[in-house]
Amino acid sequence: MPELPEVEVTRRSMTGVLEGRTVRALRVYERRLRWPVPRALAATLAGRRLQRIDRRGKYLLWRFEHGVLISHLGMTGSWRLYPYGAAPERGPHDHVDLDFDTALARLTDPRRFGALLWHRAADGDVERHPLLASLGVEPLDPGFDGARLYLATRGRSAAIKQVLLAGDAVVGVGNIYASESLFDAGIDPRVPARRLGPTRCARLAAAIRRVLAEAIEAGGSTLRDYASADGAPGQYALQARVYGRDGSDCPVCGRPIRRIVQGQRATYWCAFCQRR
DNA sequence: AGCTGGTCCTGATGGC
DNA sequence: TGCCATCAGGACCAGC
């Protein structure tokens, strides 16, 4: 479940191995991802040296001198890293091999909601790319705090859960961590965002930072088919306090965890603990 | 059959 | 009325 922690764990597990390495070849087996993988991408990348891998929201930014490879994992995508020559035979959902001189990065994505795009350096700062331009603040950056969240939620009548998911107030909070953060902050997920005052915004911002940081620390989530790039499953699901636990006891008050649907997405919460 | 992680796009709605 | 921002729903898929 690639939410921000999973993407960050992926980034960290690849960056040390691949930064400074040269692309031997890019092989595209299935270009029908969310948008078609550009036909010229193989020629664009062959022989080029990867400078570094950054992250913006849930996007990975593979920086080269002449441009940036933008990748997104969608709902089911993952990058796996193999030592050179050690990759197993390609499976049915392995769509791209990014072959470096020392290792192979392989993109797997059963549902194909992910993306692999190219941004030319000549077209300017990648942060101004249409996919990145309207993203909210990075939750783990120092610039994200209660005051920032308070400003970003003014005039927003939608439920706070849905404003978190929208990604224009703060990036990287997906369905799982939205429930977990709101539980941590003791805030009802149904509250219109504009009704949160500075106090609750401060609690929520702190909760988001804490939950995401803990998840990164734990190596990402292990729900469904996620695994970090070295294949080790994440542990976060073992620590989820409300997500996926409807009917079981609230870890704080012991009352049952509820499941509701907001915007066609499941929300898990404790009606007793989340009314502050 | 119905549910599942993300998010772009479209068309509708609502405030000024 | 018109403009703009926001909102809600649909779309993309495969696997369980």
Side-chain angles (χ1 to χ4, degrees), chain A residues 1-10 29-37 55-60 70-79 91-96 107-117 129-136 139 151-182 189-196 211-212 215-216 218-228 233-240 242-247 259-268:
Chain A
M1 290 25 31
E3 296 190 26
L4 184 148
E6 291 73 24
V7 177
E8 178 62 17
V9 168
T10 297
Y29 306 106
E30 172 58 82
R31 65 177 67 252
R32 294 174 304 162
L33 303 184
R34 174 157 198 168
W35 299 282
V37 178
R55 179 187 57 73
R56 178 75 176 99
K58 298 169 189 170
Y59 293 90
L60 286 179
I70 301 172
S71 74
H72 195 288
L73 296 175
M75 298 232 276
T76 54
S78 62
W79 283 101
H93 303 301
D94 296 337
H95 306 313
V96 174
L107 179 65
T108 303
D109 187 1
R111 285 176 72 176
R112 291 193 277 117
F113 286 178
L116 196 61
L117 299 169
H129 187 282
L131 290 174
L132 306 179
S134 64
L135 293 181
L151 273 179
T153 50
R154 295 311 86 192
R156 306 293 295 268
S157 60
I160 183 59
K161 158 82 181 317
Q162 291 173 270
V163 169
L164 291 181
L165 289 185
D168 50 357
V170 55
V171 291
V173 183
N175 204 42
I176 297 172
Y177 299 114
S179 282
E180 293 298 314
S181 300
L182 287 162
R190 303 166 302 175
V191 172
R194 66 181 173 196
R195 293 191 42 205
L196 297 180
V211 165
L212 294 179
I216 292 169
S221 169
T222 194
L223 290 182
R224 305 234 201 283
D225 48 11
Y226 174 78
S228 58
Q235 299 298 316
Y236 191 77
L238 302 177
Q239 301 167 19
V242 290
Y243 185 84
R245 306 180 75 93
D246 53 316
R259 178 186 188 274
I260 59 175
V261 175
Q262 298 179 279
Q264 306 169 94
R265 313 297 294 279
T267 300
Y268 299 88

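Every value quoted in this text rests on a predicted model; they were computed, and no experiment measured them. Scope of the values below: all heavy atoms of this structure, side chains included, with no hydrogens, waters or symmetry mates. Chain naming here is simple, since letters A, B, ... match the order of the sequence lines and numbering starts at 1 in each.
- With sequence neighbours excluded, the residues that form a side chain to side chain contact (heavy atoms under 4.5 Å, CB included) with Arg190(A) are Asp188(A), Ile260(A), Gln262(A), Trp269(A).
- Using atom C1' as the reference point in both dC7(C) and dG5(B), the two lie 22 Å apart (nearest Å).
- To the nearest angstrom, C1' of dC13(C) lies 10 Å from NE2 of His93(A).
- Distance Ile70(A) CD1 to dG6(B) P: 19 Å, rounded to the nearest Å.
- Comparing Leu135(A) and Tyr268(A) against DNA chain B, the residue whose closest nucleotide sits nearer the 5' end is Tyr268(A).
- Across every non-hydrogen atom of Asp109(A) and Gly77(A), the tightest pair is OD1-N, 3.5 Å.
- Ser179(A) places a side-chain N or O within donor-acceptor distance of the main-chain N or O of Tyr268(A), the cut-off being under 3.5 Å.
- For His93(A), there are no ring pair (Phe, Tyr, Trp, His ring centres under 6.0 Å) partners, not counting sequence neighbours.
- Remark: Thr108(A) pairs with Asp94(A) by the side-chain hydrogen bond (donor to acceptor under 3.5 Å, both in side chains) rule, at least two apart or across chains.
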Study note, to complete from the structure: Reading nucleotides 4-11 of chain C from 5' to 3' and marking B where a protein heavy atom lies under 4.0 Å of the base, S where only the sugar-phosphate is that close, and - otherwise, the string is --SS-BS-
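- The side chain of Arg112(A) contributes an N or O atom lying less than 4.0 Å from OP1 or OP2 of dA14(C).
- Rounded to an integer number of Å, the gap from OH of Tyr177(A) to P of dT7(B) is 13 Å.
- Residue Arg195(A) places its CZ atom among 12 or fewer non-hydrogen atoms of other residues, nucleotides or ligands, all under 6.0 Å distant.
- Consecutive Watson-Crick or G-U pairing (both distances under 3.5 Å) extending over three or more pairs maps onto DNA chain C as B:2-4 with C:14-16, B:6-16 with C:2-12.
- The side chain of Glu3(A) lies closest to dG6(B), out of dA14(C), dT7(B), dG6(B).
- Listed by chain and number, the residues in a side-chain hydrogen bond (donor to acceptor under 3.5 Å, both in side chains) with Arg55(A) are Glu8(A), Glu138(A) (sequence neighbours excluded).
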Could you list the donor-acceptor pairs under 3.5 angstrom formed between side-chain atoms of residues 157-171 of chain A and any protein atom two or more places apart in sequence or on another chain?
| unit_1 | atom_1 | unit_2 | atom_2 | d |
| --- | --- | --- | --- | --- |
| Lys161(A) | NZ | Asn175(A) | OD1 | 2.9 |
| Lys161(A) | NZ | Ala266(A) | O | 3.3 |
| Lys161(A) | NZ | Thr267(A) | OG1 | 2.6 |

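- Shown here are the side-chain hydrogen bond (donor to acceptor under 3.5 Å, both in side chains) partners of Ser71(A), two or more places apart in sequence or in another chain: Trp62(A), Trp79(A).
- Checking the phosphate oxygens (OP1, OP2) of dC8(B), no side-chain nitrogen or oxygen of His72(A) falls inside 4.0 Å.
- Annotation: salt bridge (Lys or Arg N to Asp or Glu O under 4.0 Å) contacts of Arg32(A) (sequence neighbours excluded): Glu30(A).
- At the phosphate of dG5(B), OP1 or OP2 sits under 4.0 Å from a side-chain N or O atom of Tyr243(A).
- Stacking between Phe113(A) and the base of dC12(C) is present: ring centres sit under 5.5 Å apart and the planes differ by under 30 degrees.
- Contacts of Ala115(A) classified as side chain to side chain contact (heavy atoms under 4.5 Å, CB included), with partners at least two apart in sequence or in another chain: Trp35(A), His72(A).
- dG5(B) atom P lies 15 Å from atom CG of Asp109(A), rounded to whole Å.
- Within 4.0 Å (heavy atoms only), Ala266(A) reaches sugar-phosphate atoms of the nucleic acid but no base atom.
- Listed candidates were dC8(B), dG5(B), dA14(C). Nearest to the side chain of Arg265(A) is dG5(B).
- When the P atom of dT7(B) is taken as reference, atom CD1 of Ile176(A) falls 13 Å away, rounded to whole Å.
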Restricting both atoms to N or O, compile the protein contacts to nucleotides 11-16 of chain B shorter than 3.5 Å, with distance only.
none

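- One atom, CG of Leu165(A), and another, P of dG5(B), lie 9 Å apart when rounded to the nearest Å.
- No donor-acceptor distance shorter than 3.5 angstrom exists from the side chain of Arg112(A) to the backbone of Arg34(A), with no hydrogens or angles considered.
- For the pair Leu164(A) CG and dG5(B) P, the interatomic distance rounds to 15 Å; values are reported in whole Å.
- Within 4.0 Å (heavy atoms only), Leu131(A) reaches sugar-phosphate atoms of the nucleic acid but no base atom.
- Look at CG on Asn175(A): it is 8 Å from P on dT4(B), rounded to the nearest Å.
- Contact record, Leu132(A) with Arg56(A): CD2-CG, 4.5 Å, taken as the closest heavy-atom pair.
- With dT7(B), dC13(C), dT4(B) as the candidates, the nucleotide lying closest to the side chain of Lys58(A) is dT7(B).
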